[in-house]
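In what follows, a structure is listed as structure tokens, so that the remarks can point back to it.
Fair warning: this is a prediction, and the values are worked out from it, not measured in the lab. Proteins come first, then strands; the chains are lettered A, B, ... in the order of their sequence lines, and each starts at number 1.
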Amino acid sequence: MGIKTIVEDNIDILVVGAGLGGTGAAYEARYWGRNKKIIIAEKANINRSGAVAQGLYAINCYMGTRFGENNPEDHVRYARMDLMGLVREDLLFDMARHVDSAVHKFEEWGLPLMKDPKREAIGAYMREGRWQIMIHGESYKPIVAEAATKQADKVYNRIMVTHLLMDDKKKNRVAGAVGFNVRTGNYHVFKSKTTIVGAGGASNIFKPRSVGEGMGRVWYAPWSSGSAYGLLIEAGAKMTQMENRIVLARFKDGYGPVGAYFLHLKTYTQNGYGNEYESKWFPALSKMVGKEYLDTEGQHLSHKPIPTCLRNHAFISEVNAGRGPIHMVTMEAFKDPHLEEVGWENFLGMTVGQAVLWAATDVDPKYENPELTTSEPYVMGSHATGCGAWCSGPEDISPDEYFWGYNRMTTVDGLFGAGDTVGGTPHAFSSGSFTEGRLAAKAACKYIDDGKAEGIVVSNKQIAERKEQIYKPLENYTIGRNEITAGTVSPSYILPMSGLQRLQKIMDEYCGGVTVSYVTNDKLLNIGLKKLSILEEDLEHIGAEDLHQLMRGWELRHRHRTSECVTQHTLFRKETRWPGYYYRGDAMKLDDKNWHVLTVSHRNRITGKYTLEKAPCYHLVGEEDEK
Amino acid sequence: MPTFVYMTRCDGCGHCVDICPSDIMHIDDKYRRAYNIEPSMCWECYSCVKACPHQAIDVRGYADFAPLGHSVRVIRDEEKGTIAWRVKFRDGRVKNFLSPITTQPWGTKIPDLRNEPEPSDDMRNSQLLAFEPKYIRMDDGDIHTLESNGLKFKEGVYY
Amino acid sequence: MIDINSTPIASLLAEGISYANMQMYVVIMIALVVIMTVLDLLHKKSSIYFFNATAKSEKDLAAGNAPCSLGKEEDRLKILSVGDKVNILASTVVVDISTAGEFSNGLRRLVHILTMWGFIFFNVATIIIIFGAQETQILAQVWNIGAIMLFFGTFWYWFGFKVDSQAEGYSWTRVVIRRDMFSLSLMATSVSVLGWNIYDGGTGVWFILVLLSTTSLFGGVYWSKFSHMFFKPIAAYNKRIIKANGTNENLPHETRNDVWQQNRHSMKLLKDAPMDMGLGIKREAPKHY
Ligand SMILES: Cc1cc2nc3c(=O)[nH]c(=O)nc-3n(C[C@H](O)[C@H](O)[C@H](O)COP(=O)(O)OP(=O)(O)OC[C@H]3O[C@@H](n4cnc5c(N)ncnc54)[C@H](O)[C@@H]3O)c2cc1C
Ligand code: SF4
Ligand code: SF4
């Protein structure tokens with residue numbers, strides 16, 4: 001294969017990964033940087049890439065201040081409550097005060113937002129819940145993709161970005177990125193003043209419940225390879241809250257979403273014997289996490305939503321007590337043909353696989369209550385968890401510990417994040433991720449205009465070394481293949497899929513996956529770290545038969561780096577902060593005295609050693625809280 | 001295999017290869033027709049199914065848990081701005097759906113921001129994003145700040 | 001330059017190759033194609049598949065409307081009359097078979113038409129000349145024009161529309177024998193017969209190239225997807241039938257044209273939208289890499 005090197009030079013703003021965060025970044029960058037060179041490097045095809053490939057049936061983050069519905073601080077308090085107190089409230093407030101302006105633009109561009117017939121006069125949107133509005137979002141991604149494509153100087157599709165480039169002159173400053181084209185095999189070098197990473201969260205790092213064809217039916221997309229974290233950790237950026245993985249209660253096997261069912265269709269759950277089970281587990285759980293987080297007596301009075309992880313805890317406990325399966329009671333709601341239609345369109349609009357499964361198994365929720373399950377854990381930062389990079393907040397809000405000059409900039413100069421990339425900002429979802437991209441882009445323009453990106457040097461040595469590294473798996477395969485007659489078993493290389501399955505087994509068994517009922521402890525985590533470091537040695541011997549496998553090989557490296565960071569964080573936080581997401585068997589209580597803090601990790605780029613520290617957790621306090 | 005391709009319908013046009021977010025639709029070496037090279041990395045996202053001009057791609061649910069005999073098919077009609085689904089159960093029952101996918105002719109309402117008036121220095125130094133504050137509330141209201149909402153940040157444990 | 005009013009076939013007579021010899025060669029080639037196609041069909045049992053597919057559509061039609069709880073089923077199915085079927089057969093012949101209606105890309109379709117008709121013109125003219133043991137000017141023109149069409153069709157295909165080069169980004173130099181043998185043999189055939197004519201026939205190098213390329217073309221049928229060609233018409237006819245009778249392999253049939261749909265609650269958002277929204281993703285060629 002003749003590998004050409006293609007250099008794109010003098011870029012001002014490089015967007016790595018054009019999902020919801022990346023498209024928001026490219027769009028906004030043009031507004032503030034009229035003459036700036038804006039380039040997008042995307043692993044797949046921008047029109048359908050990322051978590052929103054299938055479309056969405058709801059925008060889960062919309063304040064509705066326009067209709068007097070919520071203020072930003074209301075959302076901050078909700079997210080704080082749901083995450084057991086630990087979020088970056090400056091980033092959340094900032095996202096929430098801007099998010100509506102993105103949604104109003106989406107509507108203008110043609111995204112079909114449903115209207116509330118009861119509030120037709122003011123044109124209010126159809127609410128699914130307090131924060132969610134309902135949409136016909138099959139073409140959500142093509143619409144935001146066009147908004148980004150129109151502004152960018154060039155969109156490079158099918159570029160698997162493998163590494164960020166670093167300034168060889170000034171320490172800790174980013175200089176662009178490198179990767180390869182999955183079709184042509186060419187080596188692409190992007191030299192840029194600033195880089196905004198929107199490469200998305202991680203699925204498939206814990207062993208999934210389905211292991212054959214069905215391993216593709218993960219909740220988060222199989223192509224969410226944790227590249228946002230893999231790229232950033234390798235570049236030496238600090239990460240936060242990486243222990244805060246998410247487990248989802250979803251329809252069994254197809255992982256169809258439950259939001260619209262609970263909120264709009266008013267369905268509820270019961271155990272295999274037709275009984276309500278949640279309240280039974282709450283008194284003991286309340287002792288475990290403290291009255292502040294779960295007030296069994298006061299809960300229904302305060303109308304506070306019960307945190308997602310605690311509802312999971314009741315689910316898992318009930319199943320382990322032998323009273324499964326948990327059912328979603330749909331038969332009542334589905335009597336109404338309109339609601340039945342909403343229930344189905346909800347799947348067809350964002351998880352078609354669930355509709356396929358129900359059709360295959362003759363499950364019609366009108367006549368039968370479908371089973372639910374709890375998924376394997378996922379690592380991402382825009383749903384009900386806040387894994388990701390430790391980023392600066394906005395100037396007018398953030399306390400000193402949270403501010404170093406530019407909004408959404410990581411601890412590496414010139415390196416920004418959006419969406420899943422940014423840590424401590426759960427409940428951003430699609431609209432919030434897009435908004436974070438916009439915030440990062442405006443800040444990146446300012447960073448350049450302030451003269452912070454002058455004199456970046458990228459040596460040819462760095463570029464040549466990366467090139468050698470990137471294509472090594474092809475070389476491993478070609479040479480090693482001579483040793484054996486045929487087949488997939490070789491003593492000198494392993495295929496990406498085999499490596500992935502080893503990673504999943506380690507994470508599952510040692511870091512609190514589904515086969516161990518989400519429980520781990522310090523002993524298990526230390527063994528896990530050791531096995532991960534041996535796996536890293538073997539990853540030098542990945543064998544890739546073709547460019548597709550080469551991409552899978554690099555996705556695996558990003559997943560591995562993410563997993564290592566998750567395990568380090570899980571070991572550091574010696575408490576069980578989110579029962580229902582995972583349990584530290586050696587510290588089964590929530591411990592506010594020692595751990596009401598955010599965890600921050602740093603991996604040394606040279607030695608690979610991790611340093612973990614506690615960062616203060618600031619809360620938004622209003623007048624009523626003061627009293 | 002989650003997606004598969006009907007031999008008699010595929011003309012090898014490459015739309016599915018071009019769109020698949022997982023990079024798993026590829027052209028077969030012998031027949032020059034598309035097929036799914038890695039079913040265990042297929043999300044059943046239907047991006048390829050919707051993109052195929054010949055309805056050559058269909059889905060057979062994951063063998064791990066989906067019995068044979070079902071059919072969930074789709075026609076995404078860009079000109080009409082709609083998506084139509086037909087769900088057929090194993091036992092022969094069907095459900096039909098039709099929903100909008102865009103309310104505006106494609107791309108016509110998305111501006112090229114190079115043609116917008118330049119933002120002032122005041123705006124650059126403010127917390128406003130493009131088209132704000134108007135688009136936040138669609139009225140003359142301003143952006144929310146800590147002061148405007150009577151808030152401050154405090155370290156420690158608050159609920 | 002090439003003289004399209006004559007072919008080099010007669011020049012073989014002077015070299016001691018009689019029409020009878022040539023007829024023998026043509027018969028062998030035809031036999032090769034027939035035997036290999038039949039072997040391929042038997043081996044794959046594809047005829048059984050097509051028979052089953054037709055039967056399935058008939059069965060679905062006979063079963064009538066499926067039990068349907070959301071959306072509408074009435075007006076979906078239609079029992080086709082003999083007249084309907086004749087019309088469908090006619091459009092299959094005109095659109096699908098003779099003008100390669102299977103291709104959605106107009107230029108690709110044109111390339112296919114050039115190749116197919118060039119191939120047919122060239123071969124039919126050859127057979128008539130050899131078995132009629134004489135050449136007329138018309139036949140010679142058909143022979144030459146066929147070869148020229150074949151030349152443009154195959155080369156344009158290879159450099160402009162070769163599926164894997166276009167979709168997969170492979171260089172045109174990347175050849176997989178099993179896959180490309182048929183295309184390369186066609187290209188070689190068109191070049192060698194034209195060269196043979198330009199350099200005045202005879203049994204020299206060009207004639208040897210003609211023999212090699214045609215033998216490789218017809219002898220490689222078993223390993224190519226040539227037998228697939230025989231199914232295309234059946235498949236095209238079948239596709240039209242199921243569309244007309246409404247079973248349509250379970251594809252959705254509801255559209256915005258239906259007034260009932262326009263007034264359904266979830267379609268209200270499109271009440272005032274134009275009926276033609278233009279193209280979105282499909283505006284651009286599928287080459288995003
Ligand atoms: C099943 C499901 C249902 C959901 N439901 C809702 C909902 O109802 N409402 C809602 O608001 N949100 C919902 N979400 C959440 C929402 O989709 C995400 O929060 C959002 O897409 C995250 O944006 P992102 O930009 O961080 O990541 P993504 O949108 O996933 O984008 C990541 C991008 O990076 C690219 N990329 C990855 N690696 C690389 C690399 N190495 N090099 C180059 N490019 C790379 C990817 O191809 C992709 O384009 C749902 C998500 C899922 C999976
Ligand atoms: S889009 Fe359809 S016709 Fe085109 S290559 Fe793919 S399966 Fe074949
Ligand atoms: S359904 Fe989605 S993931 Fe599967 S092959 Fe098609 S485009 Fe790719």
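Side-chain contact, A:Tyr293 with A:Asp592: a donor N or O sits under 3.5 Å from an acceptor N or O. For B:His144 and A:Glu73, the side-chain atoms include no donor-acceptor pair closer than 3.5 Å.
At a 4.5 Å heavy-atom cutoff, A:Met350 makes no contact with chain B through either its backbone or its side chain. For A:Glu341, the parts sitting under 4.5 Å from any heavy atom of chain B are the backbone and the side chain alike. With a 4.5 angstrom heavy-atom cutoff, B:Asp139 does not touch chain A via any of its atoms. The part of A:Met497 that comes within reach of chain B is its side chain, from C-beta onward, which places non-hydrogen atoms under 4.5 angstrom from that chain. Contacts of B:Glu116 with chain A are made by both backbone and side-chain atoms, with heavy-atom separations under 4.5 Å. Contacts of A:Tyr27 with chain B are made by both backbone and side-chain atoms, with heavy-atom separations under 4.5 Å. Both the backbone and the side chain of A:Pro112 come within contact range of chain B, each with at least one heavy atom under 4.5 Å from a heavy atom of that chain. Using a 4.5 Å cut-off between heavy atoms, A:Glu340 contacts chain B through its side chain alone, with no backbone atom that close. Contact of A:Val211 with chain B is made through the backbone alone, with heavy-atom distances under 4.5 Å. Contact of B:Ser126 with chain A is made through backbone and side chain together, with heavy-atom distances under 4.5 Å. Only the side chain of A:Asp449 comes within less than 4.5 Å of a heavy atom in chain B; its backbone stays farther off. Residue B:Ile136 touches chain A through both its backbone and its side chain, counting heavy-atom pairs closer than 4.5 Å. Neither the backbone nor the side chain of A:Val597 comes within less than 4.5 Å of any heavy atom in chain B. Contacts of A:Leu500 with chain B are made by side-chain atoms alone, with heavy-atom separations under 4.5 Å and no backbone atom involved. With a 4.5 angstrom heavy-atom cutoff, A:Glu395 touches chain B via backbone and side-chain atoms both. Contacts of A:Lys141 with chain B are absent, with no heavy-atom separation under 4.5 Å from either backbone or side chain. Using a 4.5 Å cut-off between heavy atoms, B:Pro133 does not touch chain A at all. At a 4.5 Å heavy-atom cutoff, the contact between A:Ala51 and chain B is made by backbone atoms alone. Residue B:Val94: no heavy atom, backbone or side chain, is found under 4.5 Å from chain A. Heavy-atom distances place no part of A:Ile135 under 4.5 Å from chain B, backbone and side chain included.
Your options are B:Ile19, B:Ile101, B:Leu129, and the one with the most heavy-atom pairs under 4.5 Å with chain A is B:Leu129. For the set B:Ile83, B:Ile24, B:Asp18, the entry with the most heavy-atom pairs within less than 4.5 Å of chain A is B:Asp18. Options B:Ser22, B:Ser47, B:Cys20 differ in how many heavy-atom pairs under 4.5 Å they form with chain A, and the most are formed by B:Ser22. Note on B:Cys45, B:Ala130, B:Ala66: by heavy-atom pairs under 4.5 Å with chain A, the leading option is B:Ala130. When the candidates B:Phe131, B:Phe97, B:Phe65 are compared by the number of heavy-atom contacts under 4.5 Å with chain A, B:Phe65 comes out ahead. The greatest number of non-hydrogen atom pairs below 4.5 Å with chain B, out of A:Ala221, A:Ala53, A:Pro616, A:Gly254, is found for A:Ala221. Looking only at heavy-atom pairs under 4.5 Å with chain A, the residue among B:Leu68, B:Ile37, B:Thr108, B:Val74 that has the most is B:Ile37.
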Discussion item. Quick one, A:Tyr220 with B:Trp43, criterion ring pair (Phe, Tyr, Trp, His ring centres under 6.0 Å). Give me CA distance, side-chain angles, the key distance, then yes/no.
Written reply: CA-CA 9 Å; A:Tyr220 218 45; B:Trp43 208 30; 7.7 Å; no
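A donor-acceptor contact shorter than 3.5 Å links the side chain of A:Asp362 to the backbone of B:Arg90. The backbone N or O of A:Arg30 sits less than 3.5 Å from a side-chain atom of A:Arg34, completing a donor-acceptor pair. In this structure a side-chain-to-backbone donor-acceptor pair under 3.5 Å is present from A:Glu89 to A:Leu620. The backbone N or O of B:Ser40 lies less than 3.5 Å from no partner atom in the side chain of B:Glu38, so there is not a single donor-acceptor pair. In this structure, the side chain of A:Asp94 does not engage the main chain of A:Pro394 through any donor-acceptor pair within 3.5 Å. The main-chain N or O of A:Trp32 is never found under 3.5 Å from a side-chain atom of A:Lys442 such that the two would form a donor-acceptor pair.
Between atom OG of residue A:Ser49 and atom CG of residue B:Asp23 there is a gap of 12.5 Å, rounded to the nearest 0.5 Å. The structure places CD1 of B:Ile57 at 10.0 Å from CZ of B:Arg73, a figure rounded to the nearest 0.5 Å. Put simply, CH2 on A:Trp219 and OG1 on A:Thr351 are 9.5 Å apart, with the number rounded to the nearest 0.5 Å.
Ring-plane geometry between B:Phe4 and B:Tyr6 is classed as perpendicular, the angle between the planes exceeding 60 degrees on a 0 to 90 degree scale with a lower cut at 30.
Only one option out of A:Asp74, A:Asp90, A:Asp396 pairs with A:Arg97 in a salt bridge (Lys or Arg N to Asp or Glu O under 4.0 Å); it is A:Asp396.
Contact of the A:Val342 side chain with the A:Tyr57 side chain is registered, since non-hydrogen atoms from C-beta on lie closer than 4.5 Å.
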